[in-house]
Structure formats: C-alpha cells, structure tokens
Amino acid sequence: MGLHPLEFSECYLDSPIFRDKIKAHEAELDKTNRFIKELYKDGKNLINATKQLGLAQRKFAQCLGEFQFEYVGDAKTDDEKCIDESLQEFSSFLKNLEDQRELMMKNITETLMKPLEKFRKDHLGTVRAQRKRYEKETEKYYSSLEKLLNMSAKKKEPQLQEADTQVETMKLHFQDESLDYVCKLQEIQERKKFECVEPMLAFFQTVFTFYHQGFELAKDFDHYKRALQINIQNTRSRFEGARSEVYELMKRIKGAPQEYRQTSPISCEGYLYVQEKRPPPFGSSWVKRYSTFVKEQKILHMVTFDHRSGGKIGETESVTLKSCLRKTTDMLDRRFCLELDITDRPGTVLTVQAMSEDDHKFWIQAMGGKEAPGYYLGTTYSKERGIDAQLNDVGLSFMENSISAIETRGINDQGLYRVVGVSSKVQKLVSLMIDEESNEVDLSTSEDWDVKTVTSALKLYLRSLPEPLMTYGLYKEFISLAKGGSPESRIQAVHRLIHKLPERNRQVLGLLMKHLANVAAHSKQNLMTVANLGVVFGPTLMRPQEDTVAAIMDLKFQNIVVEILIEHNEKIFADAPESCPFSPAGPVFPAPTRQSKKLGRQNRPLAVYNPQALDIQNVSVVGDGSGPAADETSMGSNESVSSQSSSASASEMPAEKSDHVPLSTSLSSGSNSRAPRAGASRENQPASTTAASDEEKPEESVTSRKAKAVFPCEAEHDSELSFQVGAIFNAVSQSREPGWLEGELKGKRGLIPENYVEML
C-alpha cells in the first residue's frame, strides 16, 4: 500500500490518523527534496571535474537506483510502473557507459540542472512554505478555541457572541488553509514523477552527444525512449484530468462542508474535551480527546491528542454509553457540555464538552440525547441534473444522429471531443433531441449546430443519465481488472464484464466505441489518439457513486478500460466471450508473458532525447467535468502535455515517424509500457554485435520457410500480427528488429514474436 489519499472531508475532522497521513506525505516530499538536491550536487561535479567523471557518474547512478517513487492509492498504472522503473533503468545504463567516458559533457546545466532546481524551488519550496502557514493556523485556531471554551458562561451575551465570531473566523481560516495544503500535497506527489524523470531524459541527450558510439547506441534504445515519452504523456494527461476533478470536489466541499461531516452511517467522530476529576485540592482538568462513537454498540472510543505537542497520540480509552443528557450552564460553568451515563462504570458520570453549539447538537443526536433538537447531519452529495436523460429509444436515436453528424462533418477536426461548445447551446441541443415530440432534426445536414456543439451534447447526454453507461454495479470490477494482470488478460476480463451489462447499455456502448475507434483512426488529422479519447470519456462512461479523493485517483484506471474498449471494440462487442478459448488438443504450456518478451537491457545503451525538439503529438486532454460549466473552462485549450514545450500548440506538433510503431498510437489494452520483445537468443548479445551480424548476413530466401504458432498473441501495433495457437505462417524470415520474425498470415505480412512460434 502506498501513501493514503488525503480526503478533504478529513480536514474538517482533523483526526490523529489524518495528521499521520499528512506526515507521511510530508516525509515523502522531504525525501524527494533531498534526492533532487543530491542530484543537483552530483551534476555540478560532472561539469566541474572531468577527471572525476567516472566516480561522479557511478555516484549519480547509485543515487538513481536507490530512489523509489511513492504513489497515492492502492495500485499504479502501467505508465506509472514504467516511470517508476525508469530510474533503475537509467542507473544500469550509466554503469555500463562508465568505461566509455572520453568526452566532456556540455549543456548539462540547461537540460538537467535548471529543470530539477526549478521544480524543487517552485513546487517543493511552495509546499514547505504552505506547510508553515498550515502549522501556524493550527496553533492560532486551537489556542483561540481553548480560550473560548474556558470563557465563563456568565459573561455578557455580546462578549460571548463576539468571542464565538472570532473563533469561527479563525476556524474558517484554518479549514481553508488545511484544504489548500492537502490539495497541494497530493498535487505535488503526482507531479513529481514526470517532472523528475523528463529532465533525466534530457540529460541522456547531452551524454550521448559526446560519445563516439552514441548514434548507434541511441538507435538501439530508441524504442524504449519513445515508449517512456508516451508513458510520461499519458501520465501527465491523466494528472490534468484528475487535478480538475480534485479541485471541483474541493469547491463542493468548501460550499457545503457540513454535508461531508458524517463520514460513516455506523459511527460519528470528532473532538471532545473530557473532564478529569482529581482529588482535592486540585479540582478537575479538561483534556482534549478525539472521540469515535459506534452507534449500534453505543461504545465511545477516546484517544488523547494535542496538535501542539508534535501530534503525539496518547492511549485509547473505551466506554459503553447508557444515556446522554444536556448539561446546562446552571450546573457547570462551561458551555456545550454533555453528561454521559456509563454502563461499565455503575454510578459514574462522564462530563464532556463539545467544540461549538452545532457540534453540541451533533453529538446529542448521535448519542441519542433526550433533549436534542432536530439537527440536520447532511446527506450524500449528488449532482443536480438539469436534463432528464434516459437510456431509451429516443436517446439511442440521438446518439446515432450525433455520431453520423460528427463522422460526416467533422471527423478530421483538431481536438475533436476536446474543444467544447457554448454551454447554453449544448444544453439546448440535448433538451431538443431527447424531447420525443421534437427530435426529428438531422444533425448531419443542419447548419444550426456546429460540430463542437454536437460532440459536447453527446458527452452531456451520457453524463446526465441516471446511472453511468457502464453502471455503478460493475465499476469496482472494471477498476480492479485495470489495476493488474497482463494486457491479454485485461482484454479478456473487459470482454466478460461488458457482456454482464444490460442489453441496452451494451448496445449504446458498442455504438460509441465503434465511433471512437473511427475517430482514433483519423488521429493524424484530429490529434485525438486512443489515449486522449480515454482521458475524455473515462469519467463520462464510468464513475463511482461517492465523491472522494480516493475515487478520483482511480480516474487513470477508468481511462485504461476505455482505451481497451476502443482498441478492441470489434472483438469485445461482436460475440459473447468464449468459455474455453484454447483448443484441448495437445499439451498446454504456459504462454510467455509480456515481461518475458521485453528486451534485455543489461548491456543496452541510453536514448538520445532532446526536449526542445520533442517530436510527439502534444494534446492536452482534460476529462469531462461534472457539467457543461467544466467544459467551458477548458474551451480552446491547446496546452502541451510536454513540460519542455508547454507553449506549443497541438496543431504545431507533427507526429513522429517510425518503422513500425507510430508515436501517436496509444498503448493498447491499458499496457502503457511498450517495451520491445525478444527471444532468449537476444538476451546476452550486445547491440552492436547484433547490428553488425545483421548487416553482414546475406539475404536469405524466405519463400519456403514456414512457422507454427505455439501460443496465442494479440497484436499491439498495426505492424504486428494477431494469431491463435496452431496458426501457420508463410514466407517467414528474420526481422532486423531483435527477437522478431516477419511472416505472412491470411494475406497480411507483419511482425511475429520469435518465442511464440516454432519453425516447420
């Protein structure tokens, strides 16, 4: 389990566990800060001491290899796994290159030092400053609260009201500061991954420029480099989508914090001051305790905790409650007090003090107090729906009408589904099209509705359904499959779950996925790759019932599921999943995993990477917000997903050309770490030796060579072949890419993993 998500609702409870979570996040950021400072110092050694280059490079590699990113949530995407592993990959490359240091490194200041130092100062430094403000507000609020609670109830009412107002103002300042600090902590935890790794790629560009064999080594590493760039691009895109959702949730909680007070239907919790009686002449004292009342068992758990003593948690005491009575100021010179009759201590009465009048009412109702007036505890937040959308024939007709119009009039429009329409026009169109009496408009020919209005209306219709298209009931299963397993197993699991959906849901979803696959097929023109469409439609098609930060952290896994649906829509929606996909004939051997097909990197070089000339499709894609207003805020945004070229327009960034793998192609089936695959014969062979032997080998006649598939394989790119066990390949030859063969199957020629077949 990584770092726990910091829920905004916990800012209002300010529990000891919540403070421990904050400490864990702070410790991780301090570790990152120390790591970057150490990296910065090591980089200066590389510049100023060429004679010590070997030693400094080994230290630098060690620093990289020992550092691990922590993550928020209970799982990582394949992109994040690849980014996390990249530091260890870089460490290995540097150790292998240490013997080849012959030329001085130049330009390291611009490509590595400044970006890392800028990130440390601009982001980590900001968090440290905000941390001090948060601690200061904590001290101010709890000090003023104690003064208020110690104030005599016999003072004049205007004095009491003035004191209450002052404390309430400090409370609001403290809660606002707490919300901002929690939001900033989690933002930096997510941001640091690509902000730290991308400058490292730039550093490798500088290193290889001055190595005699840099060009050949860079060619060999090119596939991994491009895969990592896609990992960073996808992670950044998902970060932007999740960040907008987190800010929306924070705004909603700020607007109605009391609705999020009751965090559990079976218990309630908060701070109470407990009176502890002492023998004469010492009187009594009041101790602040974080209290949790379990309603069904009527058990009150109390733990001593003082925010000003370094946050040390004391012992926990539990008592069973018999009854709860309001204690008047006539009986005790303190306000907001309750008298608790304890079952397990006959004759013992426990006196506690709430934090405020509202808090007083809250505890009275929770504990079943006799004199408690009615008190509203809040309800689960639900989005207001201005549009009565239903998944009926009218809705299906609107979907078909919209898709036809989009594919006829705007399939090549840049930023399709990302560039949004005017909110008022979008709502008007949806209302018109789902009205059974006036939905006869043909959007394919109508001049009244532009393409961006139609795309936004389609998304708004899907968001306005009473239940997401992929249902609340299957949400956890979809998220769970995206968090683990191989790409092939994910596809199979998605296939099975899709056929658990209601018939109408599956019909509409299949129609949409076929359309989105068509949109992605035109990504060279519209810049909307499968990954970009996944970011846009993930929150629209599937979402949890509750609004929490933990749920928002799962947005990236929603995107993965949608990517699988788009890339494999023909297979998933055509037929029900087979109960036994493999033929029973012959012995069954375990199929090689994707990891076994990954190219061994023990003796592999680094990539040549230049962030100033990054040749990649950069499109900022922000997930759908909770309504049209969220779309309006992102209208016309062309922010680049690469931090090194953030000002570049998406239309100015050409697609990178490659022999087999177009850079714009999103990673299939949620497997965002595209590593090249290779057979066992490649594992211990240096790259340069293989390249030389390939060039010296004469052209071999391939017309008669055949091979038979011994394992099934699903193509991950257009240049690869998909096949089942027993498939026969004709005209088989050795590919120039290590670990691959080329062959023909059903009239199509493409790449075949060498360790998936046997030669005939």
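All values below come from the heavy atoms of this structure, side chains included, with hydrogens, waters and symmetry mates left out.
- Side-chain contact between L228 and S86 is present, with heavy atoms from C-beta onward closer than 4.5 Å.
- Once rounded to the nearest 0.5 Å, the distance linking CD of E407 with CZ of R409 reads 13.0 Å.
- Donor-acceptor pairing under 3.5 Å is lacking for the side chains of S404 and N401.
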Exercise. Go through the steps to decide whether W740 and E754 satisfy the test side-chain contact (heavy atoms from CB on, under 4.5 Å), and finish with yes or no.
Key: CA-CA 5 Å; W740 292 84; E754 189 173 17; over 6 Å; no
Practice problem: Run the numbers on M399 and V508 for side-chain contact (heavy atoms from CB on, under 4.5 Å), then give the verdict. | Solution: CA-CA 8 Å; M399 291 278 294; V508 173; 3.7 Å; yes
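- Remark: side-chain polar atoms of E467 are paired, donor with acceptor, to backbone N or O of Y472 under 3.5 angstrom.
- Once rounded to the nearest 0.5 Å, the distance linking CG of N559 with CZ of F537 reads 12.0 Å.
- Expressed to the nearest 0.5 Å, how far CD1 of I752 lies from OG of S722 amounts to 11.5 Å.
- The two atoms that bring Q724 and A709 nearest to each other are O-CB, 3.5 Å, heavy atoms only.
- For the atom pair L462 CG and L512 CG, the distance stands at 6.0 Å (nearest 0.5 Å).
- The shortest side-chain heavy-atom distance between V757 and V710 does not fall under the 4.5 Å cut-off.
- Between the side chain of Y756 and the main chain of F723, no donor-acceptor pair closer than 3.5 Å is present.
- A distance-only check finds no donor-acceptor pair linking the side chain of N526 to the backbone of G415 [under 3.5 Å].
- Although no hydrogens or angles enter the test, the distance criterion places a donor-acceptor pair under 3.5 Å between the side chain of S431 and the main chain of Q427.
- Nearest approach of L465 to R543, heavy atoms of both residues: O-NH2, 3.8 Å.
- Each salt bridge (Lys or Arg N to Asp or Glu O under 4.0 Å) pair with one or both residues in residues 509-520, not counting sequence neighbours, would appear here, but there are none.
- A salt bridge is defined here as a Lys NZ or Arg NE, NH1 or NH2 lying under 4.0 Å from an Asp or Glu carboxylate O, and R490 with E714 fails to meet this definition.
- Under a 3.5 Å cut-off, the side chain of H499 and the backbone N or O of I572 do form a donor-acceptor pair.
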Exercise. Please test K452 against D413 for side-chain contact (heavy atoms from CB on, under 4.5 Å), starting from the C-alpha separation and ending with a verdict.
Key: CA-CA 9 Å; K452 65 183 180 182; D413 288 3; over 6 Å; no
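- For K425, there are no side-chain hydrogen bond (donor to acceptor under 3.5 Å, both in side chains) partners two or more places apart in sequence or in a different chain.
- Checked against ring pair (Phe, Tyr, Trp, His ring centres under 6.0 Å), H522 has no partners two or more places apart in sequence or in another chain.
- Closest of all the heavy-atom pairs between G538 and Q558 is O-OE1, 3.1 Å.
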Quiz prompt | Test salt bridge (Lys or Arg N to Asp or Glu O under 4.0 Å) applied to K556 and E80, step by step | solution = CA-CA 10 Å; K556 51 196 174 186; E80 291 172 327; 2.8 Å; yes
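- Under the side-chain hydrogen bond (donor to acceptor under 3.5 Å, both in side chains) criterion, N569 pairs with no residue at all, not counting sequence neighbours.
- With R749 contributing its side chain and A731 its backbone, the two residues share a donor-acceptor pair below 3.5 Å.
- With contacts defined as side-chain heavy-atom distances shorter than 4.5 Å, the pair C713/P753 qualifies.
- Of the inter-residue distances, the one linking I564 atom CD1 with L481 atom CG reads 6.5 Å to the nearest 0.5 angstrom.
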Quiz item: Would N532 and R418 count as a side-chain contact (heavy atoms from CB on, under 4.5 Å) if you check the C-alpha gap in whole Å, the side-chain angles of each, and the deciding distance to 0.1 Å?
Solution: CA-CA 9 Å; N532 293 340; R418 177 180 58 80; over 6 Å; no
Exercise. For salt bridge (Lys or Arg N to Asp or Glu O under 4.0 Å), just list the numbers for E198 and K193, CA-CA rounded to whole Å, side-chain angles, deciding distance to a tenth of an Å, and then say yes or no.
Key: CA-CA 9 Å; E198 199 162 37; K193 298 179 181 178; over 6 Å; no
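- Nearest heavy atom pair, residue G743 against residue L721, reads O-CD1, 3.6 Å.
- At a threshold of 4.0 Å, the pair K500-E477 counts as salt-bridged, since one of the basic side-chain nitrogens sits closer than that to a carboxylate oxygen.
- In this structure, V420 and K459 have side chains that are in contact, with non-hydrogen atoms separated by less than 4.5 Å.
- For the side-chain contact (heavy atoms from CB on, under 4.5 Å) test with L565, the passing option among V530, V494, L541, I560 is V494; the others fail.
- Listed for the R504 side chain is a donor-acceptor partner under 3.5 Å among the backbone atoms of N392.
- With S456 contributing its side chain and G421 its backbone, the two residues share a donor-acceptor pair below 3.5 Å.
- In terms of heavy atoms, G410 sits closest to L416 at O-CD1, 3.5 Å.
- For N505, the side chain to side chain contact (heavy atoms under 4.5 Å, CB included) partners at least two apart in sequence or on another chain are L391, L469, T471, L501, P502.
- Judged by distance alone, the side chain of S402 and the main-chain N or O of L458 form no donor-acceptor pair under 3.5 Å.
- Of all the heavy atoms in A389 and P466, the pair that sits closest is O-CD, 3.2 Å.
- Applying the ring pair (Phe, Tyr, Trp, His ring centres under 6.0 Å) rule to F573 yields no partners; only residues at least two apart in sequence or on another chain are considered.
- Under 3.5 Å, the side chains of Y247 and E187 contain a donor-acceptor pair of N or O atoms.
- A distance of 9.5 Å separates CD1 in I232 from CZ in F194, rounded to the nearest 0.5 Å.
- The number of heavy-atom neighbours closer than 6.0 Å to CD of E400, taken from other residues, nucleotides and ligands shown, is above 12.
- No side-chain donor-acceptor contact under 3.5 Å links T408 to the backbone of A405.
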